[in-house]
Amino acid sequence: RKEVEQDPGPFNVPEGATVAFNCTYSNSASQSFFWYRQDCRKEPKLLMSVYSSGNEDGRFTAQLNRASQYISLLIRDSKLSDSATYLCVVRTLSSGSARQLTFGSGTQLTVLP
Amino acid sequence: ETGVTQTPRHLVMGMTNKKSLKCEQHLGHNAMYWYKQSAKKPLELMFVYSLEERVENNSVPSRFSPECPNSSHLFLHLHTLQPEDSALYLCASSQDNQITQYFGPGTRLTVL
């Protein structure tokens, strides 16, 4: 089983649509959660952290369900510029590096005019 | 954005060549990382360097050799690579008390 699992998509949605991405993680000891965004042929960039109480940043809302080991990202009023791959990222303090992040394979989003 | 730079941006090499990838961070961070990103696969952590530790992913073949001369520079030395090593190699950095990692633009490597 993958440590961090995402639906690869692609998600093709019209401008203005609301779209949701889901992510599950396998290690219940995971402590920190993030969404990164990666544009085509570019490097990943932090989009937002995910907090237990849920958090919102403009059109983006992230939710965490520790009991189900599930993370979500909701994008409202999609813009063309939202087209990218969205990476679910988890940090687990293990015998490895305390800084180690585990990435999902990403969900590809294309917003259509 | 020039916080983390990588050179070269593109590299084509034969299986018998030796080359090095370079990463430099201008953010004053004290930890640096090498990741490998293959098509349709998640980013795979290869190496971590910080003042306190060096961590290696045990699945990384010995034909990849990291070097971190100081907290701002990181190298990845490559020798006798295989075609399946073709991928995007990303460098990242972070600061001790923060989790966020900042990535460089990557080196797209093709092994013939």
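These numbers were taken from a predicted model, which means no experiment stands behind them. Every heavy atom of this structure was used, including side-chain atoms; hydrogens, water molecules and symmetry mates were not.
- Aromatic ring centres of A/Tyr86 and A/Phe11 lie farther apart than the 6.0 Å criterion allows.
- Across B/Glu44, B/Gln6, B/Arg108, the residue that shares the most heavy-atom pairs under 4.5 angstrom with chain A is B/Arg108.
- The contact between A/Pro44 and chain B is made by backbone and side chain atoms together, counting heavy-atom distances below 4.5 Å.
- The aromatic ring centres of A/Phe103 and A/Tyr36 sit less than 6.0 Å apart.
- For a residue to count as touching a neighbouring chain, one of its non-hydrogen atoms must lie under 4.5 Å from one of that chain's; by this rule B/Gln37 touches chain A with the side chain only.
- Evaluated for a side-chain contact (heavy atoms from CB on, under 4.5 Å) with B/Leu81, the options B/Met13, B/Lys19, B/Lys18, B/Met15 yield exactly one hit, B/Met13.
- No part of A/Gln6 comes within reach of chain B, as not one of its non-hydrogen atoms sits under 4.5 angstrom from that chain.
- Side chains of B/Ser20 and B/His77: a donor on one and an acceptor on the other come within 3.5 Å.
- When all heavy atoms of B/Gly104 and B/Leu90 are compared, the pair lying nearest together is O-CD2, 3.4 Å.
- Both the backbone and the side chain of B/Leu43 come within contact range of chain A, judged by heavy atoms closer than 4.5 Å.
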